[in-house]
Number of protein chains: 2
Amino acid sequence: MGQGAGGGPQPRGGATLAQVAARVGVSLNTVSRAIRAPHTLRPELLGRIAAALDELNYVPNRIAGSLAGTRSALVGVVVSSLFHSEFAAVVEALQTGLLARDFQVMLGHSHYDPAREAGAVRALLGWRPAAMALVGIDHHRDVSRMLGEAGIPVVQMWDVGGEAIDSAVGMDHVAIGRAQAEHLLARGYRHVAVVGSLRPHDARAHKRCRGVAQALAAAGLGEPALATSAEPGDPDLGGRLVAELLARHPEVDGIACNSDAVAYGVLRALRARGRRVPDDVGVVGFGDAEASACLVPALTSVRPPRAAIGRLTAEIILARLEGAGPRQLEVAWDILVRDSTARGSTVSAPI
Amino acid sequence: MGQGAGGGPQPRGGATLAQVAARVGVSLNTVSRAIRAPHTLRPELLGRIAAALDELNYVPNRIAGSLAGTRSALVGVVVSSLFHSEFAAVVEALQTGLLARDFQVMLGHSHYDPAREAGAVRALLGWRPAAMALVGIDHHRDVSRMLGEAGIPVVQMWDVGGEAIDSAVGMDHVAIGRAQAEHLLARGYRHVAVVGSLRPHDARAHKRCRGVAQALAAAGLGEPALATSAEPGDPDLGGRLVAELLARHPEVDGIACNSDAVAYGVLRALRARGRRVPDDVGVVGFGDAEASACLVPALTSVRPPRAAIGRLTAEIILARLEGAGPRQLEVAWDILVRDSTARGSTVSAPI
DNA sequence: TTGAAAGCGCTACCAA
DNA sequence: TTGGTAGCGCTTTCAA
């Protein structure tokens with residue numbers, strides 16, 4: 001209270017097309033065309049309009065443009081989480097690809113919860129996006145229904161193998177789990193366990209887990225020992241889970257982790273318990289986080305092609321918008337073999 | 001070609017308010033009020049409208065709402081980069097705070113480039129956001145001008161101490177640099193260097209660097225040795241810079257890194273060269289990344305209150321929008337002391 | 001090459 | 001408690 005006008009700043013918006021038109025002395029839609037189809041105007045007029053546009057710092061109102069135009073310039077993107085940065089690089093590559101064609105990305109988070117995912121999808125759909133991209137291939141039926149009814153291109157990222165709503169770009173997570181286990185077996189580890197965060201609705205994590213079991217079965221071994229939790233996967237969780245695992249299954253000598261962050265904690269806890277890596281125990285991660293090559297021992301991990309997934313998603317969206325059909329792509333990943341599984345490459349039978 | 005209709009999916013949008021109204025047999029704006037002010041309708045009518053809304057899967061068109069309404073429901077956010085996840089936690093906390101009040105976040109990236117930052121700000125302003133938040137306090141003058149003219153609340157995050165456009169929530173980066181150096185000196189390291197990515201327009205990094213120099217000067221020591229680069233800060237860069245540093249300044253025994261990722265590479269390179277940490281060299285990072293506590297030796301680092309910065313930014317934006325005045329907050333950070341600087345806590349003079 | 005007019009789907013205000 | 005009406009700033013026809 002007092003003499004001030006009170007209240008926050010008054011949004012002034014910028015100049016409107018009509019104001020620019022009035023200043024130049026032409027009609028509103030001549031200015032509009034000066035922006036969208038400059039070649040249809042006399043150069044002289046175009047020059048005067050450009051000058052006015054510049055002078056008034058005209059910034060096109062995309063809200064108005066979207067409402068009036070036939071297509072929106074927004075793409076909705078739903079990721080599980082940005083926090084653990086699993087998907088930050090995917091989003092960045094996607095946004096870069098889209099921005100080049102003047103599409104804005106709108107981000108939503110599911111926090112690994114189907115209800116929140118549905119909420120995020122609904123909220124984004126309210127902005128009438130031209131397309132949507134989301135992490136995962138298995139969704140709550142409300143999500144599939146809403147997305148199907150929206151009648152826009154939808155790209156499901158990161159996973160493949162489920163029933164795609166429209167298009168998909170991802171990895172075969174069962175194969176990844178299998179590869180984790182096969183790598184451990186090839187290095188001579190026989191008692192393989194799975195450690196990590198396994199949220200009820202994180203289908204990818206469950207698939208990798210299943211892949212590990214498949215590989216063990218194929219090798220004539222029993223079920224993998226499991227130490228999982230629905231908590232977010234961080235080093236502390238890894239430490240707690242491995243402690244619990246070793247108490248129950250002291251024979252474990254190979255650990256497939258559901259994320260590198262968890263693997264960091266696993267390595268630390270093994271060290272604290274005097275278990276040598278890779279001599280006594282082999283550890284393989286998932287995600288190839290930035291620090292993984294700098295740990296001691298350096299962590300063997302699965303590297304997902306994050307930037308490629310983001311880039312391909314952008315490409316598919318743009319192509320779909322121009323009339324191309326849906327596509328489903330499986331992208332390749334690889335295992336970066338480092339010291340944490342460097343016990344030797346021949347299968348040595350236990351004494 | 002072929003028999004198909006060709007073309008991508010036809011965006012069908014959802015049902016409109018008018019369609020719902022027609023179905024119930026009331027006027028369009030009665031339905032609008034059923035959504036925004038339900039208590040002003042007869043319960044019976046409200047029930048019928050709710051049923052129709054549900055049956056037609058009505059999703060309000062936020063584009064139309066923003067254009068017609070007095071205020072937009074968007075907040076623009078510009079970060080330097082998501083990729084190195086420096087700001088992912090800030091954005092997530094900010095988005096959570098805003099979403100609770102039904103504001104959508106629109107993200108832009110500057111990639112540590114003033115021109116791209118200006119481009120991102122301009123692009124976001126086109127959506128007529130209700131407010132903007134951006135990383136950094138020192139901006140290209142075009143950015144300050146555009147933001148000032150927009151007449152909306154603007155919160156500058158992460159840094160403080162410059163001339164704020166409107167509001168700010170951040171840390172004193174000079175003090176952080178000073179603290180890094182003082183910590184090293186307190187642990188008995190005498191020849192302190194700065195290693196890391198120093199992009200021309202990353203004012204925060206420059207301030208931390210200046211802080212280190214100040215602390216050395218205050219202790220009667222000379223300028224810090226510098227090994228910096230404009231490349232993105234990752235472990236490989238850290239490794240290369242420290243190799244170059246030790247070639248030029250073999251006497252260095254304390255290293256202040258501009259990010260934890262760089263520090264990871266520094267630790268690895270020191271190990272490869274047979275320099276023991278913390279005995280021969282002390283290393284302190286910035287950012288407290290997830291892996292830092294799991295390295296060997298565990299990395300001493302400065303921990304920024306990322307979630308708090310995001311949350312406070314959301315609070316300030318919401319308050320500003322309700323008429324509160326601008327605020328400038330400096331938030332506290334701390335140094336997590338770990339093994340990489342654990343040489344002892346008394347200053348021991350070199351022999 | 002330019003202008004006029006009709007909406008896009010909604011909110012805000014007024015009248016009933 | 002409800003309905004009518006005038007825009008928001010632009011794109012998109014169509015006519016001049």
Side-chain angles (χ1 to χ4, degrees), chain A residues 10-49 52-53 56-74 102 104 125-130 150, chain B residues 10-50 52-53 56-74 102 125-130 150:
Chain A
Q10 299 285 110
R12 289 192 290 277
T16 68
L17 229 36
Q19 291 170 318
V20 177
R23 191 179 235 276
V24 182
V26 294
S27 86
L28 178 163
N29 67 38
T30 301
V31 182
S32 175
R33 283 193 357 262
I35 296 169
R36 288 175 301 112
H39 55 280
T40 66
L41 296 203
R42 311 195 319 270
E44 182 271 336
L45 219 203
L46 193 57
R48 280 166 51 215
I49 293 179
L53 248 17
L56 296 175
N57 282 311
Y58 176 75
V59 178
N61 184 331
R62 308 275 259 147
I63 296 280
S66 301
L67 185 60
T70 42
R71 55 184 251 182
S72 125
L74 278 176
D102 228 38
Q104 254 297 327
L125 249 17
W127 293 94
R128 298 298 186 270
Chain B
Q10 301 283 112
R12 289 193 291 275
T16 68
L17 229 35
Q19 291 170 317
V20 177
R23 191 178 234 276
V24 182
V26 294
S27 85
L28 178 162
N29 66 41
T30 300
V31 182
S32 174
R33 280 190 3 259
I35 295 169
R36 288 175 300 112
H39 54 279
T40 66
L41 295 202
R42 308 194 320 270
E44 183 271 336
L45 219 202
L46 193 56
R48 281 166 51 214
I49 293 179
L53 249 15
L56 296 174
N57 283 311
Y58 176 74
V59 178
N61 185 329
R62 309 274 260 149
I63 297 281
S66 301
L67 185 59
T70 41
R71 56 186 248 179
S72 129
L74 280 175
D102 229 39
L125 250 16
W127 293 95
R128 299 298 187 268

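In what follows, every chain begins at residue 1, and chains take the letters A, B, ... in the order their sequences are listed.
- In this structure, CG on Leu17(B) lies 10.0 Å from CG on Asn61(B), to the nearest 0.5 angstrom.
- Protein chain A contacts DNA chain C from dT1(C) to dG9(C), reading 5' to 3' and using non-hydrogen atoms of the protein with a distance under 4.0 Å.
- Under a 3.5 Å cut-off, the side chain of Arg62(B) and the backbone N or O of Ala73(B) do not form any donor-acceptor pair.
- With hydrogens and angles ignored, the 3.5 Å screen pairs no side-chain donor or acceptor of Ser72(A) with any backbone N or O of Ser66(A).
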Run the side chain to side chain contact (heavy atoms under 4.5 Å, CB included) test on Leu45(B) and Arg42(B) for me, step by step, so that the C-alpha distance in whole Å, both residues' side-chain angles and the decisive distance to 0.1 Å come before the verdict. CA-CA 5 Å; Leu45(B) 219 202; Arg42(B) 308 194 320 270; 4.1 Å; yes
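- Of the residues in residues 17-26 of chain A, those lying under 4.0 Å from DNA chain C by heavy-atom distance are Val26(A).
- Using a 4.0 Å cut-off on heavy atoms, the residues of residues 29-45 of chain B that approach DNA chain D are Asn29(B), Thr30(B), Arg33(B), Thr40(B), Leu41(B), Arg42(B), Leu45(B), listed by number.
- Of the possible polar contacts, one joining the Arg48(B) side chain to the Val24(B) backbone as a donor-acceptor pair under 3.5 Å is found.
- Distance alone, capped at 3.5 Å, places no donor-acceptor pair between the Asn29(B) side chain and the Ser32(B) backbone.
- Looking only at side-chain heavy atoms (C-beta outward), Leu74(A) and Arg128(A) stay at 4.5 Å or farther from each other.
- Look at CG on Leu28(B): it is 17 Å from P on dG7(D), rounded to the nearest Å.
- Atom CZ of Arg48(B) is separated from atom P of dT1(D) by 16 Å (rounded to the nearest Å).
- Counting only heavy atoms from C-beta outward, the side chains of Val20(A) and Arg23(A) never approach each other to under 4.5 Å.
- Residues Val59(A) and Leu125(B) share a closest heavy-atom pair of CG1-C, 4.2 Å.
- Looking at Ile35(A) and Tyr58(A), their side chains come closer than 4.5 Å, going by heavy atoms from C-beta outward.
- Going from atom CH2 of Trp127(B) over to atom C1' of dG9(D) covers 13 Å, rounded to whole Å.
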